[in-house]
Structure formats: C-alpha cells, structure tokens
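One structure is given below, encoded as structure tokens.
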Protein chains: 2
Amino acid sequence: MTQPSTPKAAKPKPAKDAPREPKAAERILTTAGELFYREGTRAIGVDEIVSRAGATKPTLYRAFPSKDHLIAAYLEGQGEGFWTYFEAAAGKHPGDPKAQILAFFDELGERATRPGYRGCALTNAAVEYPAADHPGRLVSVEHKQGLRERLRQMTKAMDARKPKKLADALLLLIEGVYVSSQLFGPDGPAAAAKGAAQALIEAHTRPEPE
Amino acid sequence: MTQPSTPKAAKPKPAKDAPREPKAAERILTTAGELFYREGTRAIGVDEIVSRAGATKPTLYRAFPSKDHLIAAYLEGQGEGFWTYFEAAAGKHPGDPKAQILAFFDELGERATRPGYRGCALTNAAVEYPAADHPGRLVSVEHKQGLRERLRQMTKAMDARKPKKLADALLLLIEGVYVSSQLFGPDGPAAAAKGAAQALIEAHTRPEPE
DNA sequence: TCCAATACGTACCGGTCTGTAACGTTGTCA
DNA sequence: TGACAACGTTACAGACCGGTACGTATTGGA
C-alpha cells in the first residue's frame, strides 16, 4: 500500500536542499521584527508577537531570556542589514570614497521615500530606551559608533581637511534623514541630504584658496 | 477674639501679589513634563506622575481628558519653549538671517552638551508614536512644519540660490543634532553642526562662478 | 446661615503587561 | 525501544496600566 510516490506526503520530507521551513524561534524573531519596526518596541507585547508568529510564549522565552533580549536580537539583525546595504553602495565605487558616500546617500534617499519607512530601527530604539544599560540601547550605541568610525575612515581616505568634522557632519545628515522622514513623510527634507553631503564634501576637499 | 493679626493664619490668604502656589493640575503638568522628557512618555505611567506631583488620578483626569492629551499638552509647552529660544537667538542679529541661524546653532550646540539632554521632545514623541492620529504626534508634526517654514523664510531672506533646499539641509542638521546627542552623549557629532551649517549657507550664497 | 460651586482625595474597576510552571505531544536518531 | 530535542497547551502569578464612581473639605456669595 505504501507506494513509492504517495499522492499526499505523509512526512514533510526535509529534502536536504529544499528550503527548510523556519523554526518557531526564527518565526518569532522575524515577526517581532516587523511589528517592532512598524509600531515601536514598547507598543508591541509578547502576546501579539507569538500569536502572529504561530507560536507560544514558552517558546519565545526558551529562545530569548527576556523581551529586552528579543529586542536586542532584532536590532542586531537590523544593524547587519544596514552594513549589507552600506557596503553594497560602497562596492559600486571601489577606491573612490567620495562616490561611495554619495552612492550611500542615493540609496538612503530612495529608501526614505518608500511606504512604511520609519527611519533607522537602532536610532528609534535609542530614543525609546534612554536607560544606558538597556540591551537594545547597547546594540544601538555600538552600531552608531561603528558607523561614525567607518565614515571617518572614508573621509580620511578622501583627504578631507578635517576628516572627523566632515564625518560627523555627514552623520548628522544621515540621522536627520532617519527622523525627519518619520516627521514629514515622503516629501520631507530627506531629499536635500545628498546635495548637502556633496556640498560639504566639496567644501572639505576643495583646494584651499591661497 | 478675631484680632487683625492672628499668630497662626487660619486662611492661606492669597495675598494678591504673592506668588500663588501652583494648583494640582499645574503641578501634574510640570511633573509629567520632567518625567516624560527624561524617560519617555511610554515609560511613565499616570500613577507615577500623580504620586510625584502630590496629586491623584482623578485630578489629572479632570484637567486632561486622557494621558495622550496630557502628553499633547506637554509637547505644546515644549514647542513654545523652542520658539522662545529660537527667536531669542534670532533677535541677537536683526535683519541678518545668516547670523540668526548661526546663533541658533550656537545655542543648540550648547544645549546639546548639557547633562540630561535628550534631544527634542517633539521629535522623540514622533518616534514613540508612529500612529498618525495620536494627539502628541499631531503636535509634533505641526511644530516641525512650522520650523521648516520658518527656516525657509530665513533662507529666502538671505537670498540663497535654492532656499528650500538649504532650509531642508539645515533642518536635517538640526534633527541630526537632536538624535545623535542621545546616541553619543556630549562628545557626539553635534559639535560639527554649526560648521556644517556655515559651509552650507556659504555654498548657497557664494557668488556663482561665471 | 445656608447653598452651590470648586477642588480634591479614597477606593476601586477591568484589562494588559512580562514572565513562569507543569505537562503533553511529536519527530528524530541511535 | 528509548532517549532527547523541540514545541504546544493550559493556567497562572504579580505587577502595572489607563480610567472612574463616589465621597469630602473648603470657599464665596445670597
């Protein structure tokens, strides 16, 4: 009776190279991520997360020690995602830090006008949790320090007169895009970011008038 | 028996010109403001507000229809405070919009390094409440639109080539200062804001090379 | 002297929050 | 067959949430 080809597969049959269906803990993390980003981490309770993820609270708490740690894991993922697209933009112009940064601003401006855009999850989390020891805030602060460092490295590579100042100014523009997009929507000041970045880079690298 | 000067005043005796002691509703608003700014509005419950204000919940709810409206009232006050110091900075340089804006950046940079600085309450509230119809968010959005308009007015007055673009770029810097101060503390990128603003204004008003 | 308005407190409501305990079920691999 | 991992089910704890029904003291005026 057990034919080789059963019409209805009794076992899900992992099939090795087939895309395994995500485990409960993964579903929880991705579902939480979507909800956290859209509504903010304080606005979403664990009950809603597990119910939407098709899981249960004990499963959540077996995978994450607390909601705060789930938030931290979500932010880690966001940070990795940031670096992926930051370095992708930089990769378009090897050896040309000016063009690399401008490519990033291009990408940023494009993202900031997409529907549902709500800025940088890590920045938002730092606003939501002012307490210095919150696990989520720690992830955010570390990430932003890394970004500051990366920008400095690039402004040094372009021989800016004051690379640290230029990097910080660019960082201000980036963070400004993040929050002002939430305030103003698609027609906000974010569209001015790339031009401003260009002008600042220009001002810092233009040959000094004798 | 009722002498004109009683040793112990039975009545508090308003005394007309004496500084009246604040009513419970006022105490609630100011106390809520401090707590909201320091910890965020979602982190503070009404119980803590009234207990620290030496009042009770019914008093709160007689003065404000809901916690959200209390938040909105707090943000209104913050907005007024902003305009007070914005126009104070502008008032130092009548008729000179460039100097007015730079004076504001001076003031902003000074504030951003003060202990306990946590950025702009209105920006923070917009991050905390993405829902478009939240009373607090409405106050924030309106305020920021007003700021954008005011900046445009000033960049027009300085005959910038692209006044709207310049105003938006300045706004990005301002919002960047607000959030990055929370991320990085007193040694953050905020110190680069004034120089960047100066460079951008310069670039937008420098006589065009023929 | 009495009344009405004002200003406030006591005590409580139902609901939601994060987090946990105890136990059952299923699939896998040796 | 048996051990183990992964997950679900149910129920609950304890704190905290925003919000309210109702009682009370004080005051100013008729």
Side-chain angles (χ1 to χ4, degrees), chain A residues 6 8-16 18 20-32 35-36 39-74 125 128-129 131 133-136, chain B residues 2 6 8-16 20-32 35-36 39-74 125 128-129 131 133-136:
Chain A
T6 332
K8 192 194 171 192
K11 302 176 188 177
K13 191 186 181 187
K16 261 167 188 164
R20 68 193 170 84
E21 59 202 86
K23 302 266 183 185
E26 287 179 55
R27 294 198 317 265
I28 287 173
L29 183 54
T30 62
T31 305
L35 295 172
F36 282 163
E39 317 249 6
T41 61
R42 292 196 111 117
I44 299 296
V46 290
D47 282 301
E48 187 166 357
I49 294 168
V50 295
S51 104
R52 293 221 197 193
T56 58
K57 276 200 285 183
T59 302
L60 190 161
Y61 282 98
R62 275 187 279 255
F64 304 95
S66 72
K67 184 193 173 185
D68 285 346
H69 287 82
L70 173 60
I71 292 171
Y74 148 67
E128 277 192 277
Y129 299 96
D133 58 345
H134 188 281
Chain B
T2 54
T6 332
K8 191 197 174 189
K11 305 175 188 177
K13 192 186 180 185
K16 260 167 188 164
R20 70 193 169 82
E21 59 202 87
K23 299 269 185 184
E26 288 179 54
R27 295 199 314 267
I28 286 172
L29 183 54
T30 61
T31 305
L35 296 172
F36 282 164
E39 317 248 7
T41 61
R42 291 197 112 118
I44 299 293
V46 291
D47 281 300
E48 187 166 358
I49 294 168
V50 295
S51 105
R52 293 220 196 194
T56 58
K57 279 200 278 186
T59 302
L60 190 161
Y61 282 98
R62 272 184 285 261
F64 305 95
S66 71
K67 185 196 172 183
D68 285 346
H69 287 83
L70 173 60
I71 292 171
Y74 148 67
E128 278 192 276
Y129 299 96
D133 59 344
H134 188 281

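Naming convention: chains lettered A, B, ... in sequence-line order (proteins, then strands); numbering from 1 in each chain.
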Which part of the nucleic acid, if any, lies within contact of A/Ala55, taking any heavy atom under 4.0 Å across all strands shown: a base, the sugar-phosphate backbone alone, or nothing?
-> sugar-phosphate
Check whether any side-chain nitrogen or oxygen of B/Thr59 sits under 4.0 Å from OP1 or OP2 of C/dG9, and answer yes or no.
-> yes
Provide, to the nearest angstrom, the distance between the CZ atom belonging to B/Phe64 and the P atom belonging to C/dA7.
-> 14 Å
By side-chain hydrogen bond (donor to acceptor under 3.5 Å, both in side chains), which residues pair with A/Tyr129, not counting sequence neighbours?
-> A/Thr41
Any pair with a residue in residues 58-73 of chain B that passes salt bridge (charged side-chain N to carboxylate O under 4.0 Å, His left out), sequence neighbours left out, goes on the list, sorted by first then second residue, please.
-> none
Whole-Å distance separating the CZ atom of A/Arg62 from the P atom of C/dG19 = 15 Å
Mind checking side-chain hydrogen bond (donor to acceptor under 3.5 Å, both in side chains) for B/Thr30 and listing every partner two or more places apart, or none if nothing turns up?
-> none
With the criterion being N/O to N/O and under 3.5 Å, what pairs connect the protein with nucleotides 16-20 of chain D, and how long is each?
unit_1	atom_1	unit_2	atom_2	d
D/dG18	OP1	B/Lys67	NZ	2.8
D/dG18	OP2	B/Val46	N	2.8
D/dG18	N7	B/Lys57	NZ	3.4
D/dG18	O6	B/Lys57	NZ	3.2
D/dG19	OP2	B/Tyr61	OH	2.8
D/dG19	OP2	B/Lys67	N	3.0
D/dG19	N7	B/Lys57	NZ	3.2
D/dG19	O6	B/Lys57	NZ	2.1

Given atom CZ of A/Arg27 and atom P of D/dA6, what is their separation to the nearest angstrom?
-> 14 Å
Does A/Ala72 have any side-chain contact (heavy atoms from CB on, under 4.5 Å) partners at least two apart in sequence or in another chain, and if so, which?
-> A/Pro135, A/Val139
Rounded to the nearest Å, what distance is computed from the CG atom of residue A/Leu60 to the P atom of nucleotide D/dA6?
-> 16 Å
Keeping to residues at least two apart or across chains, list the salt bridge (charged side-chain N to carboxylate O under 4.0 Å, His left out) pairs with something in residues 47-60 of chain A.
-> A/Asp47-A/Lys57, A/Glu48-A/Arg52
Roughly how far apart are A/Lys23 NZ and A/Leu29 CG, rounded to 0.5 Å?
-> 15.5 Å
B/Lys23 NZ to C/dG9 C1': how many Å, rounded?
-> 16 Å
